[in-house]
Visitor: 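Would you mind keeping the following structure in view while I ask a few things?
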Amino acid sequence: MTAPKPTPLSGFPELLPAERFVELQVIDQLRATFELHGFAPVETRAVEPLSQLLRKGEIDKEVYLLRRLQADDEAVASSADGPERLANTLGLHFDLTVPFARYVLENAGKLEFPFRRYQIQKVWRGERPQEGRYREFTQADIDVVAKDVLAFHHDVEVARVMAEALSALPLPALRLQVNNRKLIEGFYRGVGAGDVPAVMRVIDKIDKLPAEVIATMLADEAGLTPQQTGACLALADIRSADSSFVDRVGALGISDPLLDEGLSELAEVIDGCAAVDTDRFTVEADLSIARGLDYYTGTVFETRMAGFESLGSICSGGRYDSLASDGRTSYPGVGISLGVTRLLTPLFARKKLTASRSVPSAVLVALPDEQSRRRCGDIAQSLRSRGIATEVSPLPQKYGKQIRFAERRGIPFVWFPASSDADSSGADVSRADGGTPHEVKDIRSGEQVVADPSTWEPPLEDLRPQVVQPGL
RNA sequence: GUGGGUGUAGCUCAGCUGGUAGAGCGCCGCGUUGUGGUCGCGGAUGUCGCGGGUUCGAGUCCCGUCACUCACCCCA
């Protein structure tokens with residue numbers, strides 16, 4: 001009976017240690033920035049009742065269901081008395097916004113509003129995987145939620161905080177594209193479009209399809225006249241790094257109260273983000289951004305990464321005024337969600353990002369013979385007591401092999417213990433009695449020096465694995 | 001969910017109209033008897049994804065199946 005060889009599960013990425021180190025480092029940096037802005041940490045359970053996950057009976061979402069092995073078949077979601085049981089079935093959450101909305105309602109009495117939180121967790125979606133698109137992946141969200149009314153300046157705030165967080169990461173250049181649902185809805189309504197959502201769905205594909213195809217679709221699927229189509233395409237064509245888009249929209253000659261409201265909101269976000277604009281992180285108004293999710297009511301965000309445009313947006317979000325409500329009180333929010341896995345996995349795959357070594361150890365203590373293991377353990381412990389990650393060689397092989405062992409893991413230093421007397425029990429590990437002294441070798445340069453385990457320190461940059469960006 | 005592509009050594013892949021499973025890299029050993037990397041020499045490793053069919057004979061042809069992958073859909 002041969003053991004079946006394990007095969008990778010598509011869409012459930014697993015990282016090697018060096019990459020996982022980078023991912024953890026990224027998460028730590030995100031945390032630090034979020035907390036610096038006063039966002040509180042929250043973790044929600046991995047599961048929600050299906051009724052919570054599927055708003056308004058939409059079944060198109062590919063949700064993973066959770067079920068006990070011993071549950072009787074009656075409880076299976078697909079059983080006869082369907083809808084009710086189905087609603088109580090547990091599903092793995094597919095984002096962090098919907099569970100957070102539920103969390104806010106559940107804890108409304110204990111939270112202070114406006115409530116600002118960050119949440120970095122795995123989410124699951126049953127869709128077919130491909131690069132940048134996974135079935136299990138990590139998102140990092142920040143949201144601000146208020147009771148009844150959420151001041152607009154929070155729209156600007158979440159954009160700025162995420163911009164700051166992203167700017168601190170070792171990534172290619174990023175472009176945050178901002179639009180406003182009120183602006184485009186108002187515009188489409190002002191144009192006279194009957195089916196506004198249909199127009200948004202088509203416009204959302206504008207960067208993937210040629211303009212003629214979009215025009216045809218606007219006519220066929222949204223029932224627009226050629227003139228209306230022209231106006232909608234003209235709007236989608238507008239983008240600017242400052243608030244000059246306002247005048248360009250004005251020049252199209254459409255008027256609608258909602259459009260005006262959207263224009264001024266978007267201008268406020270763009271102006272407010274001017275300060276975070278750098279050569280590696282740019283913010284712009286892009287009136288073609290629509291977003292598929294229907295709960296957005298105002299500001300919407302998408303983010304593209306230079307050289308990785310095919311991934312789509314790596315960080316998106318927006319304003320949702322009515323996602324959470326208990327019937328009496330509503331909790332409007334605004335948030336933005338970073339796809340940590342979508343961001344990092346393609347960079348790993350293309351060798352654009354990795355760690356300087358695959359283990360935390362800065363030092364490998366060479367083992368002369370098995371009798372010296374205790375003595376070498378003491379040396380390692382002395383180094384560790386001063387924060388230097390150290391491991392002892394697993395085997396007393398020839399030193400050449402032990403050096404190679406370190407080299408393959410990227411461990412920069414090999415420690416050669418001082419030679420010991422026959423009586424090693426009481427030996428002072430810091431001194432060589434008549435033999436060779438302790439020495440430590442930088443295996444990259446080959447430089448080897450006499451050293452004392454109680455005082456020697458590696459250069460600061462060698463203390464921990466470093467994030468490195470070959471070719472960036 | 002819809003439509004393509006690909007499955008051969010740890011990795012990247014070659015393998016012609018069917019005829020004894022290969023290369024490079026990596027790995028292990030020795031040269032170099034306790035200080036790696038270069039170089040030289042030697043060595044190990046495969047249910048050819050799985051199941052069936054055709055055939056004297058299948059990695060190769062046919063059918064099925066699974067997995068991976070790409071595009072669509074959708075989205076982080």
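Predicted model only: the values in this text are computed from it and were never measured. Letters A, B, ... are given to chains in the order of the sequence lines, protein chains preceding strands, and every chain is numbered from 1.
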Visitor: Provide the distance between the two C1' atoms, one in B:rG18 and one in B:rC61, to the nearest whole Å.
Guide: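 My reading of the C1' atoms in B:rG18 and B:rC61 gives 8 Å.
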Visitor: Taking the side chain of A:E439 as its heavy atoms from C-beta onward, which of B:rC70, B:rA76, B:rU35 lies nearest to it?
Guide: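 Looking only at heavy atoms from C-beta outward on A:E439, the closest nucleotide is B:rU35.
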Visitor: Run the salt-bridge test on A:E302 and A:R175 with the 4.0 Å N-O cut-off and return the result as yes or no.
Guide: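 A:R175 and A:E302: not salt-bridged.
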Visitor: What I want to find out is whether A:E157 reaches A:R116 closely enough, with some N-O distance under 4.0 Å, to be called a salt bridge.
Guide: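 Yes, this pair counts.
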Visitor: Whole angstrom is fine here: how far is it from CD in A:E302 over to C1' in B:rA76?
Guide: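 In whole Å, B:rA76 C1' lies 10 Å from A:E302 CD.
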Visitor: Write down the distance between NZ (A:K398) and P (B:rG31), rounded to a whole number of angstrom.
Guide: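 Taking atom P of B:rG31 as the reference, NZ of A:K398 is at 6 Å.
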Visitor: Quick one: sort the A:F413 and A:W456 rings into parallel, tilted or perpendicular, breaks at 30° and 60°.
Guide: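 It falls in the perpendicular class, over 60°.
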Visitor: Check whether any side-chain nitrogen or oxygen of A:K401 sits under 4.0 Å from OP1 or OP2 of B:rG36, and answer yes or no.
Guide: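 Checking A:K401 against B:rG36: no side-chain N or O falls below 4.0 Å of OP1 or OP2.
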Visitor: Quick one: label A:I443 by what it contacts on the DNA or RNA (base, sugar-phosphate, nothing), any heavy atom closer than 4.0 Å.
Guide: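 Contact class for A:I443: base.
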Visitor: Just to verify, what does A:E23 make a salt bridge (Lys or Arg N to Asp or Glu O under 4.0 Å) with, not counting sequence neighbours?
Guide: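 If we apply the salt bridge (Lys or Arg N to Asp or Glu O under 4.0 Å) test to A:E23, skipping adjacent residues, the hits are A:R20.
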Visitor: In whole angstrom, what separates A:L16's CG from B:rC11's C1'?
Guide: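 In whole Å, B:rC11 C1' lies 13 Å from A:L16 CG.
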Visitor: Taking atom C1' in both B:rG4 and B:rC56, what distance in whole Å separates the two?
Guide: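 Straight-line distance between the two C1' atoms is 38 Å.
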Visitor: Under 4.0 angstrom, heavy atoms only, what part of the nucleic acid is A:R135 near: base, sugar-phosphate, or nothing?
Guide: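 No contact.
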Visitor: At under 4.0 Å between heavy atoms, what does A:Y134 touch on the DNA or RNA strands: base, sugar-phosphate, or nothing?
Guide: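 Here A:Y134 touches the bases of the nucleic acid.
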Visitor: Would you indicate, yes or no, if B:rC27 has its OP1 or OP2 atom less than 4.0 angstrom from a side-chain nitrogen or oxygen of A:R408?
Guide: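 Looking at the OP1 and OP2 atoms of B:rC27, one of them is under 4.0 Å from a side-chain N or O of A:R408.
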Visitor: Contact class for A:G400 vs. all strands (heavy atom < 4.0 Å): base, sugar-phosphate, or nothing?
Guide: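 Contact class for A:G400: sugar-phosphate only.
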Visitor: Hey, is A:R135 close enough to A:E127 for a salt bridge, meaning N to O under 4.0 Å?
Guide: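 A salt bridge is absent here (no side-chain N lies under 4.0 Å from a carboxylate O).
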Visitor: For atom C1', what is the distance between B:rG24 and B:rG3, given to the nearest Å?
Guide: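 Per the computed distance, 36 Å lies between those C1' atoms.
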Visitor: Side chain of A:R128: nearest nucleotide among B:rC70, B:rC27, B:rC75?
Guide: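 Nearest to the side chain of A:R128 among the choices is B:rC70.
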Visitor: Just call it for A:Q448: base, sugar-phosphate, or nothing, with non-hydrogen atoms closer than 4.0 Å on any strand.
Guide: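 Base, at least one base atom sits under 4.0 Å.
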Visitor: May I ask you to say what A:F416 touches in the nucleic acid, namely base, sugar-phosphate or nothing, with a heavy-atom cut-off under 4.0 Å?
Guide: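 Base contact.
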Visitor: Is the number of heavy atoms from other residues, nucleotides or ligands within 6.0 Å of CZ (A:R464) greater than 12?
Guide: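 Count not over threshold, so no.
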Visitor: Could you tell me whether A:K441 contacts a base, only the sugar-phosphate backbone, or nothing, with contacts defined as non-hydrogen atoms closer than 4.0 Å?
Guide: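 The answer is base, as A:K441 lies within the cut-off (heavy atoms under 4.0 Å) of a base atom.
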Visitor: Give me the distance, rounded to whole Å, that separates B:rU47 from B:rG10 when you measure between the P atoms they each carry.
Guide: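 About 7 Å, rounded to a whole number of Å.
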Visitor: Between B:rC13 and B:rA21, how far apart are the C1' atoms? Round to whole Å, please.
Guide: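 Each nucleotide's C1' atom is 14 Å from the other's.
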Visitor: Any side-chain N or O of A:Q402 below 4.0 angstrom from OP1/OP2 of B:rG36?
Guide: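 The answer is no; no side-chain N or O of A:Q402 sits under 4.0 Å from OP1 or OP2.
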Visitor: Which is more 5' along RNA chain B, the nucleotide nearest A:E131 or the one nearest A:R342? Just name the residue.
Guide: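 Nearest-nucleotide comparison on RNA chain B picks A:E131.
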Visitor: Under 4.0 Å, heavy atoms only, any strand: does A:K205 hit a base, just the sugar-phosphate, or nothing?
Guide: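 Result for A:K205 = sugar-phosphate.
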Visitor: Can a salt bridge be assigned to the pair A:E164 and A:R160 using a cut-off of 4.0 Å between side-chain N and carboxylate O?
Guide: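 The answer is no: the pair does not qualify as a salt bridge.
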Visitor: C1' atom, B:rC48 versus B:rU60: distance in rounded Å?
Guide: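 Roughly 10 Å separates the two C1' atoms.
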Visitor: Using the P atom as the point on both nucleotides, what is the distance between B:rU17 and B:rG7, in whole Å?
Guide: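 My reading of the P atoms in B:rG7 and B:rU17 gives 16 Å.
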Visitor: Taking 4.0 angstrom as the limit, do A:R444 and A:E447 come out as a salt bridge?
Guide: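 So A:R444 does not pair with A:E447 through a salt bridge.
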Visitor: What is the distance, rounded to the nearest whole Å, between atom CZ of A:F308 and atom P of B:rC75?
Guide: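 Computing the A:F308:CZ to B:rC75:P distance gives 23 Å.
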Visitor: Only Watson-Crick and G-U wobble pairs with both distances less than 3.5 Å should count. Give RNA chain B in dot-bracket notation, marking inter-strand partners with |.
Guide: (((((((..((((.....[..)))).(((((.......))))).....(((((..]....))))))))))))....
Visitor: Rounded to the nearest Å, what distance is computed from the CD atom of residue A:E23 to the C1' atom of nucleotide B:rA76?
Guide: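 About 13 Å, once rounded to whole Å.
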Visitor: Once you apply a heavy-atom cut-off of 4.0 Å, does A:R404 come out as touching a base, just sugar-phosphate, or nothing?
Guide: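 Sugar-phosphate contact only - A:R404 comes under 4.0 Å of backbone atoms but never of a base.
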Visitor: Output the rounded distance in Å from CD (A:Q130) to P (B:rG5).
Guide: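 After rounding, the reported distance stands at 17 Å.
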Visitor: Judged by each residue's nearest nucleotide on RNA chain B, which is more toward the 5′ side, A:P129 or A:D369?
Guide: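 Going by which nucleotide is closer to the 5' end, it is A:D369.
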Visitor: Using whole Å, what does the distance between atom P of nucleotide B:rC75 and atom CD of A:Q139 come to?
Guide: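 Answer to the nearest Å: 13 Å.
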Visitor: C1' atom, B:rC16 versus B:rG5: distance in rounded Å?
Guide: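 Here B:rC16 and B:rG5 have their C1' atoms 22 Å from each other.
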Visitor: In whole Å, what is the span from the CG atom of A:L311 to the P atom of B:rC74?
Guide: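 Spelled out: CG on A:L311 to P on B:rC74 is 18 Å.
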Visitor: Less than 4.0 Å between a side-chain N and a carboxylate O, is that true for A:E407 and A:R404?
Guide: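 A:E407 and A:R404: not salt-bridged.
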Visitor: Any side-chain N or O of A:T303 less than 4.0 Å from the OP1 or OP2 oxygen of B:rA76?
Guide: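 Answer is no, no contact under 4.0 Å.
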Visitor: Assess whether atom CD of A:E461 is packed by more than 12 heavy atoms of other residues, nucleotides or ligands within 6.0 Å.
Guide: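 More than 12 heavy atoms, drawn from other residues, nucleotides or ligands, come within 6.0 Å of this atom.
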Visitor: Nearest to the A:E407 side chain among B:rA76, B:rG36, B:rU33, which nucleotide is it?
Guide: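 My answer, after comparing the listed nucleotides, is B:rG36.
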